[in-house]
**Student:** 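One structure is given below, represented as structure tokens, and several questions about it will come after.
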Amino acid sequence: MRKLVLLLAATTMVAGLVQVGTAQAAAPAGVFQDFETDADLQGATVTLPQVDRIERTADPTHGDSGLTFTVGPSNTPGASASSGINLYAGTPSLPVSDWSGHTVLGFDFFTEQDYTVVGRITVRDQSNKAWGMDYPIRARDWTPITLRMSTIAAAGVDITRIAYLSFSMPRAKTQVIGHYDAFRLVDSYPYDQTPYGDKAAAQLLRLVDFNGVLTKLADQIKGLDRSLGHGPADERLKAQVRAAEAQCAELRQKLGPMTYAQYQPFNAGVTAMQRTVPRLANTIQARAHDRRADFGVESADSMALVYPKDLPFTSTGTAPTVSLTRGEYENVQAVVLPFAEPLTGVQARVTSVSGKGAMQATVAPVGSLNVTPTNVYHRPTYAGWTPDPIRDDLTSVDVPADTFQPYWIRLKAAKTAAPGTYHVTVAFSAAGKRTRTMTVAAKVWPVAAPDAPKLNTTFQFTPAIVNDIYGITDPAAQEATKHQYWSFLHDYKIEPDQLYTCACIPSNANPVIVPTPVEDVLYIRDHYGLRDFNAFYLWAGLLNPSKPETWQAQIDTWIAQLRTAMDSYRAAGVDKYAYVYGFDEANGPLLQAAKQTFAAVKQAFPDLPILTTLRDNSMGVDTGLAGLVDVWVPQQDLYNQQVAERTRARGDQAWWYPDIATGSPLPNWFNGYPPIDARTLVGPMSYKAGVEGVLYYATNRWLRSDHANQLLVNDGILSAWRAATFNGTAGDGSMFYPGPNGPMASIRLENFRDGMEDYNLLWQLQHDVQSNPQLPTPLKAHAAKLLAADAVVTDQRTFTEDPARYRAWRTDVIATLTAIRGLE
């Protein structure tokens with residue numbers, strides 16, 4: 001690629017050239033920025049100039065050159081999850097700041113890389129009012145961007161006084177490249193974008209090595225049918241191989257000059273082939289494992305996703321193995337693969353478990369939801385049917401010929417299980433087909449970690465949402481349902497609690513915040529054990545940031561409410577377990593309000609801990625809140641290890657929390673993220689960081705407004721239940737599902753529990769090392785290496801997503817714990 005000019009450094013930012021209140025004549029319709037000269041880049045900035053760069057290159061959709069944006073890798077020190085370009089009005093980079101009188105601002109984006117993700121566009125006016133939208137970044141494809149003036153103006157942005165336009169791309173493990181060009185004002189919509197698309201197609205055909213891609217696919221296809229025999233199933237699969245060969249050859253014949261109308265189906269065909277060929281390899285591998293079978297049964301790791309459509313999976317064979325300590329859960333996935341014909345009435349059941357009472361086992365099909373990733377994912381994520389709900393309610397499913405059906409095999413070793421290998425056999429049947437079996441070998445080690453979590457959890461569960469979507473109005477039924485969900489949460493290592501203490505849905509207007517009823521606290525204590533509980537939510541929304549003279553009256557009301565509640569807790573003997581949570585993500589003037597409030601709480605209740613997520617990255621040092629807050633909980637991407645250690649040194653705790661802003665490369669539990677992320681986050685990552693707890697704002701954010709067409713996950717295996725939750729991001733605030741009979745577990749939640757157990761294993765290993773000072777030096781050194789978890793986690797931005805690597809480390813932890821116990 002011929003490069004015309006190098007990056008203009010971010011230091012050339014001249015946003016100050018925009019004079020607030022200065023009117024600029026509206027530009028006529030047409031292309032106003034084409035990046036045709038070096039001067040056109042003046043004033044443009046990038047997020048991290050050390051690794052991100054912009055330059056003019058000869059890859060235009062209009063004119064002779066365009067803007068190429070190179071985004072540095074995600075592991076770059078100081079790198080944000082995405083990198084953006086800012087074009088500032090009043091500089092050559094954005095020569096038009098008055099967009100009025102036009103219908104659309106449009107421009108082009110394309111990338112030659114195999115990179116599918118979601119980017120973000122932001123428009124901000126000179127009064128600092130902003131509007132934003134996602135835009136798709138599709139592998140080897142062109143996206144015409146359309147910003148509707150009516151939509152921007154409706155958001156309150158003054159389109160006559162634009163300050164800047166920015167657009168971003170998420171980072172990846174390696175650098176990514178995007179092309180932008182032909183910024184244009186248009187007076188009608190829709191309008192003819194054919195010339196731009198045709199030029200984009202020409203650039204893509206030049207930049208992408210389609211010949212190499214198709215050659216690689218052809219080579220993969222050649223070896224597929226070598227293991228096939230001559231039975232009916234083999235012939236059907238051979239026919240699929242021949243069809244793949246023909247399609248690959250047809251795509252190669254199309255290589256040459258194309259319009260975008262021709263390029264789009266061509267590129268889509270190549271993408272489909274890149275998915276079809278490895279999926280066909282999955283099926284042929286399953287056929288090779290049993291040539292007499294009517295359908296395939298393979299296994300997959302529980303830390304991976306097995307997509308029903310389009311994408312391949314990594315098989316772990318037909319005889320999976322797992323390791324457990326006494327009292328621990330572990331999981332395996334089985335995958336039913338049709339041999340190019342539909343299967344009906346597919347059922348799975350556990351038929352035998354060796355060792356009476358030593359091992360529990362269940363099996364259920366995994367359902368899928370239609371997921372559309374948002375820009376906050378910051379990583380390539382498949383859009384479509386995505387596995388997650390564990391459908392214990394379905395006893396039989398139909399599996400179309402083109403579908404893989406995963407099953408969740410859940411194992412639990414008894415606390416008294418003798419060490420050894422136990423065998424769990426699961427039978428899979430389908431109408432008119434011979435039954436298949438899979439046997440899982442579960443090794444139980446002669447050690448156990450504590451059952452109760454050592455990592456604290458403060459997660460919001462909202463009973464009012466459950467009552468609403470199930471239509472439960474009887475108070476006794478509401479109470480019973482609440483207890484059912486509490487038991488479910490407890491079983492998944494989440495202590496029943498409420499961050500936002502109210503009997504309502506906290507997101508509703510004017511929620512009534514009240515202290516946690518003592519009856520709830522006693523029920524939790526008596527049924528699950530009591531570690532701590534939130535006595536009261538100090539809702540900063542009741543304080544006017546601009547009227548500090550009114551704060552004390554509200555603070556006095558809070559103190560009075562707390563005094564009544566603490567008296568009831570003291571009478572019941574649970575006051576020592578109480579804490580208060582307040583000032584959720586507060587900043588600005590509310591930090592002073594928090595200081596005034598927390599000082600009053602400490603004066604009235606000196607021994608009552610205060611937990612907060614307010615925005616103070618110094619954890620009290622810069623705001624004067626040190627000594628008033630006992631538990632600091634920053635957003636995970638704002639967590640600073642040195643600050644946290646300083647905080648712990650003075651006797652406070654430092655937790656963290658994921659939320660919608662915690663996108664890749666940090667872990668999260670959005671739908672479509674690798675499940676290993678959830679396990680790593682609360683397991684070795686939290687242990688390595690030293691955090692004492694994890695907070696989360698919602699576990700069951702199933703608002704009726706989001707799920708009006710399907711309130712419960714009670715339909716087919718491909719459920720119509722809407723995965724999107726907060727701001728359209730699937731899984732944010734929703735860790736499990738409302739099933740027909742109550743709470744329904746998810747793959748994400750199962751991995752969360754596994755991670756909590758892994759944290760306990762590390763805690764136990766550390767305890768045993770400290771309790772045995774005479775351990776041999778090599779064994780002690782190896783234990784220290786495992787506790788550092790360097791094999792799986794570097795920090796909260798760098799960690800493995802390879803289940804095999806994770807399991808090797810975990811098995812080593814258990815083996816080392818066993819070796820230490822053997823010396824006692």
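Position 1 is the first residue of the sequence; numbering continues from there. These figures come from a predicted structure and were not determined experimentally.
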**Student:** Would you check, one step at a time, whether the test side chain to side chain donor-acceptor pair (under 3.5 Å) holds for Tyr579 with Asp497?
**Tutor:** CA-CA 11 Å; Tyr579 68 90; Asp497 203 2; 2.7 Å; yes
**Student:** For Ser315 and Gly317, indicate whether the former's side chain and the latter's backbone hold a donor-acceptor pair under 3.5 Å.
**Tutor:**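 Such a contact is found between Ser315 side chain and Gly317 backbone.
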**Student:** Looking at Glu495 and Asn456, would you say the former's side chain and the latter's main chain have a donor-acceptor pair under 3.5 Å?
**Tutor:**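 Side chain of Glu495 to backbone of Asn456: no pair is present.
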**Student:** Anything under 30° is parallel, anything over 60° is perpendicular, the rest tilted; go ahead and classify Tyr492 against Phe488.
**Tutor:**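 The arrangement is tilted - the two ring planes meet at 30° to 60°.
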**Student:** So Tyr673 and Phe670, would you call those rings parallel, tilted or perpendicular, with 30° and 60° as cut-offs?
**Tutor:**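 Rings of Tyr673 and Phe670: perpendicular, over 60°.
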**Student:** Whether the side chain of Ser487 engages the backbone of His483 through a donor-acceptor N/O pair (distance < 3.5 Å, no angle test) should be reported.
**Tutor:**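 Checking the backbone N and O of His483 against the side chain of Ser487, a donor-acceptor pair under 3.5 Å is found.
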**Student:** Side-chain contact test, heavy atoms from C-beta onward, threshold under 4.5 Å: evaluate it for Val353 versus Val350 and give yes or no.
**Tutor:**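 A side-chain contact under 4.5 Å exists here.
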**Student:** Is the side chain of Arg648 donor-acceptor paired with the backbone N or O of Gly690 at a distance under 3.5 Å, no angle test?
**Tutor:**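 Side chain of Arg648 to backbone of Gly690: a pair is present.
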**Student:** Salt bridge or not between Arg279 and Asp310? Use side-chain N to carboxylate O under 4.0 Å.
**Tutor:**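 No salt bridge links Arg279 with Asp310.
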**Student:** Compute both the distance and the angle, then confirm whether Arg679 meets the cation-pi test with Phe752: under 6.0 Å from the six-membered ring centre, within 45 degrees of the axis.
**Tutor:**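 Not satisfied by the 6.0 Å and 45° rule.
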**Student:** Is there a donor-acceptor pair under 3.5 Å between the side chain of Gln796 and the backbone N or O of Ala689?
**Tutor:**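 Answer holds: no.
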**Student:** Do we see a donor-acceptor contact under 3.5 Å between the side chains of Asn617 and Tyr639?
**Tutor:**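 The answer is no; no qualifying pair exists.
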**Student:** Looking only at the aromatic ring of each residue, does the gap between the centers of Trp669 and Tyr696 stay below 6.0 angstrom?
**Tutor:**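 Yes.
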**Student:** Distance alone, cut at 3.5 Å: any donor-acceptor contact between the side chains of Thr725 and Ser734?
**Tutor:**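 Thr725 vs Ser734: no donor-acceptor pair found between side chains.
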**Student:** Please confirm whether the backbone N or O of Leu749 pairs with a side-chain atom of Ser746, one donor and one acceptor, at under 3.5 Å?
**Tutor:**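 At least one qualifying donor-acceptor pair exists.
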**Student:** Under 3.5 Å, is there a donor-acceptor pair between the side chain of Asn282 and the main chain of Phe313?
**Tutor:**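 Side chain of Asn282 to backbone of Phe313, a donor-acceptor pair under 3.5 Å: yes, one is there.
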**Student:** Assess, by modelled atom type and distance only, whether the side chains of Gln764 and Asn760 contain a donor and an acceptor separated by less than 3.5 Å.
**Tutor:**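 Gln764 vs Asn760: no donor-acceptor pair found between side chains.
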**Student:** Using the ring of Trp385 (Phe, Tyr or Trp, six-membered ring only), decide whether Lys309 places NZ or CZ under 6.0 Å from its centre and within 45 degrees of its axis.
**Tutor:**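 Ring-cation test returns no.
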**Student:** Output yes when a side-chain donor or acceptor of Thr457 lies under 3.5 Å from a complementary backbone atom of Ile494, and no otherwise.
**Tutor:**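 Not at all, since once roles are kept as given, no pair shorter than 3.5 Å links the two residues.
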**Student:** Testing the 3.5 Å rule here: is there a donor-acceptor pair between the side chains of Ser299 and Thr316?
**Tutor:**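 Result is yes, a qualifying pair exists.
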**Student:** Quick one: side chain to side chain contact (heavy atoms under 4.5 Å, CB included) partners of Pro387, sequence neighbours excluded?
**Tutor:**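 Leu305, Tyr307, Pro308, Val366, Ser368, Ile747.
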**Student:** Please check if any side-chain donor atom of Tyr657 sits under 3.5 Å from a side-chain acceptor atom of Thr662, or the reverse.
**Tutor:**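 Their side chains do not contain a donor-acceptor pair, so the 3.5 Å distance test is not met.
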**Student:** Evaluate ring pair (Phe, Tyr, Trp, His ring centres under 6.0 Å) for Phe295 paired with Phe339, printing each intermediate quantity in order.
**Tutor:** CA-CA 5 Å; Phe295 56 89; Phe339 290 152; 7.6 Å; no
**Student:** Between Arg810 and Glu328, does any side-chain N to carboxylate O distance fall below 4.0 Å?
**Tutor:**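 Between Glu328 and Arg810 there is a salt bridge, with a charged N closer than 4.0 Å to a carboxylate O.
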**Student:** Looking only at side chains, do Asn640 and Gln642 share a donor and an acceptor under 3.5 Å apart?
**Tutor:**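 Gln642 and Asn640 do not have a side-chain donor-acceptor pair below 3.5 Å.
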**Student:** Ion pair present between Lys493 and Asp451, side-chain N to carboxylate O less than 4.0 angstrom?
**Tutor:**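 Asp451 and Lys493: salt-bridged.
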**Student:** Does a side-chain N-to-carboxylate-O contact under 4.0 Å join Asp677 and Arg748?
**Tutor:**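 No, no charged N to carboxylate O under 4.0 Å.
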**Student:** Should the ring pair Phe461 and Tyr485 be called parallel, tilted or perpendicular, given that the plane angle runs from 0 to 90° and is split at 30 and 60?
**Tutor:**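 The rings of Phe461 and Tyr485 lie parallel, inter-plane angle below 30°.
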**Student:** For a ring pair (Phe, Tyr, Trp, His ring centres under 6.0 Å) check, start with the C-alpha distance between Trp763 and His767, then their side-chain angles and the critical distance, and finish with the verdict.
**Tutor:** CA-CA 6 Å; Trp763 181 93; His767 173 273; 5.4 Å; yes
**Student:** Is a side-chain donor or acceptor of Arg349 paired with a backbone partner of Ser429 at a separation under 3.5 angstrom?
**Tutor:**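 Not at all, since once roles are kept as given, no pair shorter than 3.5 Å links the two residues.
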**Student:** With heavy-atom distances below 4.5 Å as the criterion, would you say the side chains of Ile820 and Asn772 are in contact?
**Tutor:**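 They are in side-chain contact.
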**Student:** Any carboxylate oxygen within less than 4.0 angstrom of a Lys/Arg side-chain nitrogen, looking at Arg807 and Asp301?
**Tutor:**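 Answer for the salt bridge query: yes.
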**Student:** Between Trp656 and Ser686, is the side chain to side chain donor-acceptor pair (under 3.5 Å) condition met? List the steps.
**Tutor:** CA-CA 9 Å; Trp656 60 18; Ser686 286; 3.2 Å; yes
**Student:** Any chance you could lay out the side chain to side chain donor-acceptor pair (under 3.5 Å) test for Asp758 and Tyr687, step after step, and finish with the verdict?
**Tutor:** CA-CA 9 Å; Asp758 293 343; Tyr687 193 87; over 6 Å; no
**Student:** Could you tell me whether Asp795 and Arg797 make a salt bridge, using a distance below 4.0 angstrom between a side-chain N and a carboxylate O?
**Tutor:**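 Salt bridge absent between Asp795 and Arg797.
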**Student:** If you measure from the Lys or Arg side-chain nitrogens to the Asp or Glu carboxylate oxygens, is any gap between Arg650 and Glu645 under 4.0 Å?
**Tutor:**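 So Arg650 does not pair with Glu645 through a salt bridge.
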**Student:** Under a 4.0 Å threshold between the charged nitrogen and the carboxylate oxygen, would Glu692 count as salt-bridged to Arg531?
**Tutor:**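 Salt bridge absent between Arg531 and Glu692.
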**Student:** Looking at side-chain heavy atoms only, is the closest gap between Val117 and Thr381 below 4.5 Å?
**Tutor:**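 Of all side-chain heavy-atom pairs linking Thr381 with Val117, none is under 4.5 Å.
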**Student:** For Gln653 and Trp655, which I'm curious about, is there any donor-acceptor pair between the side chains at under 3.5 Å?
**Tutor:**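 Yes.
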**Student:** For the pair Gln347 (side chain) and Val397 (backbone), establish whether a donor and an acceptor sit closer than 3.5 Å, ignoring hydrogens and angles.
**Tutor:**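 Such a contact is absent between Gln347 side chain and Val397 backbone.
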**Student:** Assess Arg753 against Tyr329: is NZ or CZ under 6.0 Å from the centre of the six-membered ring, and within 45 degrees of the ring's axis?
**Tutor:**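 Cation-pi check for Arg753 and Tyr329: passes.
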**Student:** Decide if the gap between the ring center of Phe533 and the ring center of Tyr577 is smaller than 6.0 angstrom.
**Tutor:**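 No, they do not, as the ring centres are separated by 6.0 Å or more.
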**Student:** Kindly indicate whether the side chain of Thr351, heavy atoms from C-beta on, has any atom under 4.5 Å from the side chain of Thr437.
**Tutor:**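 Not in contact.
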**Student:** So do Leu337 and Val297 actually touch side chain to side chain, heavy atoms under 4.5 Å?
**Tutor:**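 Not in contact.
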